[in-house]
Amino acid sequence: MRRLVRTEGLTAEQEEILAVVRQFVEKKIIPVATELEHADEYPTEIVEGLKELGIFGLMIPEEYGGLGESLLTYALVVEEIARGWMSVSGVINTHFIVAHMIKQHGTDEQKRKYLPRMSTGEVRGAFSMSEPGLGSDVSAITTKATKSGDGYEITGQKMWLTNGGSSTLVAVLCKTDEGSDSVYKNMTTFLVEKESGFGETAQGVTIPGKIEKMGYKGIDTTEMILDRHRTSVDQILGGVPGLGFYQMMDGVEVGRVNVGARAVGIANRAFELGIQYAQQRETFGKPIAQHQAILFRIAEMATKVETAHAMVVRAARLKDAGERMDVEAGMAKMVASEYCNEVVQDSFRIHGGYGYSKEYEIERLYREAAFMLIGEGTSDIQKMIIGRSLLKDYRI
Ligand SMILES: Cc1cc2nc3c(=O)[nH]c(=O)nc-3n(C[C@H](O)[C@H](O)[C@H](O)COP(=O)(O)OP(=O)(O)OC[C@H]3O[C@@H](n4cnc5c(N)ncnc54)[C@H](O)[C@@H]3O)c2cc1C
């Protein structure tokens, strides 16, 4: 019986979507996840299945061929998918962020051009802020777009593009000279079209190859070299330069709910594996679950999973209601990712020596959980966002 990670007040449609995704995860993801992950193999069949289910268009409005669902539905779907294999949720996350940015900030023409093909998964999105010299400090971006004739030329090096190889549309944050005193107002997001794959995938756009990672395998994470890539004003997100930083931060804010949801999915799976193992393994004449130290560990794990889930749900619901949620998204991301690592560590300990064997799923979760601490901003960065925002609200 499943007791944890339940959500009150869902519509029949939301329940139906989640039931279908849950079944897909049980049948198509969990049985193959560890093998594909160990081989670092792209989950092509799983991705095709997700396309058929309409997951790539989950939050894209119906008028553009999507399912028009809420951020809450999206977050709950991500929890289910990450419970099966976190990398699969990474395949859809950057796509979802780019679709969200186009939906919120794109021109009508950009919406018509991209959203219908993003709904089917024909166009696949990646987003790119980070560079070799920066991640947290977005103001330090060096990739530059300079005016050239009617359009722009982009030159620079980008780093850590999730889906960098498999995507065909990358939202790239660049420096532009808008003459503002604020560095944040001299940034512009360009929509860069390219072929999927590696090497020179568009004029002046090179994707060198996959970065070898500790976990989060299967999915491609890459660099991107832009060398006088020519583009037009039409490819500026929203058509107006100087808004890029704010558009990206909006994308990252919903991305934080997504990473929080992924962390809940991993933690929930780690809890399930731990509570199962604790009833099977015997020491000193009884199942280890009957030793109080293990029982308490189980209770703490479950409490952390539930707390993180509740915070992710609250942040998503605020966004869906059109309310501010910078603090709540930051808190949800921080708590969910930190708890995820603690729960996975606890489950690992319950597994004893077997947790260290690649035969056991917890070994994979252990490596995946670490990334939750990094993606969409570290806990230090969440604390900066939460703290600064609260100082404004509680100003004396
Ligand atoms: C697998 C993977 C996939 C990724 N995918 C993407 C992607 O798709 N698109 C993208 O743009 N980026 C992506 N990233 C980059 C990711 O967003 C950054 O790695 C992350 O934001 C941290 O930046 P950094 O690595 O430069 O660390 P740094 O910013 O150099 O931080 C180093 C340490 O210093 C701390 N720190 C930094 N500033 C402060 C401060 N002011 N106060 C206190 N502590 C501070 C940080 O918390 C951290 O502990 C990805 C990264 C990885 C590993």
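These numbers come from a predicted model, not from an experiment. Numbering of ligands and ligand atoms starts at 1, following listing order. FYI, side chains are in, hydrogens and waters are out, and symmetry mates aren't considered; it's all heavy atoms of this structure. Starting from 1, each residue takes its place in the sequence as its number.
Judged by the 6.0 Å and 45° rule, Lys28 forms no cation-pi pair with Phe24.
Among protein heavy atoms, the minimum distance from atom 9 (N) of ligand 1 is reached at Phe127 O, 3.0 Å. For atom 38 (N) of ligand 1, the closest non-hydrogen atom of the protein is Ile381 CD1, 4.0 Å. Distance from atom 28 (P) of ligand 1 to its nearest protein heavy atom, with residue and atom name: Ser136 OG, 3.6 Å. The nearest heavy-atom contact from the protein to atom 2 (C) of ligand 1 is Phe371 CE1, 3.2 Å. Regarding atom 19 (O) of ligand 1, its nearest protein heavy-atom neighbour is Ile374 CG2, 3.6 Å. Of the protein's non-hydrogen atoms, Trp160 O, 3.1 Å is the one closest to atom 13 (C) of ligand 1. Atom 17 (O) of ligand 1 has its closest protein heavy atom at Ser130 OG, 3.8 Å. Summary of contacts: the protein heavy atom closest to atom 43 (C) of ligand 1 is Asp380 CB, 3.8 Å.
Protein heavy atoms are absent from the space less than 4.0 angstrom from atom 33 (C) of ligand 1. When distances from atom 26 (O) of ligand 1 to the protein are checked, a heavy atom turns up under 4.0 Å.
At under 3.5 Å, not a single nitrogen or oxygen of Glu376, backbone or side chain, sits near a nitrogen or oxygen of ligand 1. Looking at ligand 1, you'll find an N or O of Gly135 within less than 3.5 Å of one of its N or O atoms.
Defined by atom type and a distance below 3.5 Å, a donor-acceptor pair is present between the side-chain atoms of Thr221 and Lys213. Defined by atom type and a distance below 3.5 Å, a donor-acceptor pair is missing between the side-chain atoms of Asp220 and Tyr42.
Here is the list of ligand 1 atoms found below 4.0 Å of a heavy atom in Met384: 40 (C), 41 (N), 42 (N). Per-residue contacts place Thr162 under 4.0 angstrom from the following atoms of ligand 1 (heavy atoms of the residue considered): 3 (C), 4 (C), 5 (N), 6 (C), 7 (C), 8 (O). Shown in contact with Leu134 at under 4.0 Å from a heavy atom are these atoms of ligand 1, numbered in order with element: 26 (O). Remark: ligand 1 atoms within the under-4.0 Å shell around heavy atoms of Lys213 are 1 (C).
Ionic pairing of Glu300 and Arg297 is not present here: no N-O contact between side-chain nitrogen and carboxylate oxygen is shorter than 4.0 angstrom. One finds no salt bridge joining Arg395 and Asp393 here, because no Lys/Arg side-chain nitrogen approaches an Asp/Glu carboxylate oxygen to under 4.0 Å. A salt bridge between Lys144 and Glu153 is absent, with no side-chain N of the basic residue lying under 4.0 Å from a carboxylate O of the acidic one. Taking a cutoff of 4.0 Å between a charged side-chain nitrogen and a carboxylate oxygen, Glu368 and Arg364 qualify as a salt bridge. Salt bridge status for Lys175 with Glu131: absent, with no side-chain N to carboxylate O gap under 4.0 Å.
Note on ring orientation: taking the six-membered ring where Trp is involved, the planes of Tyr216 and Phe371 are parallel (angle under 30°, cut-offs 30° and 60°).
With hydrogens and angles ignored, the 3.5 Å screen pairs no side-chain donor or acceptor of His95 with any backbone N or O of Gly121.
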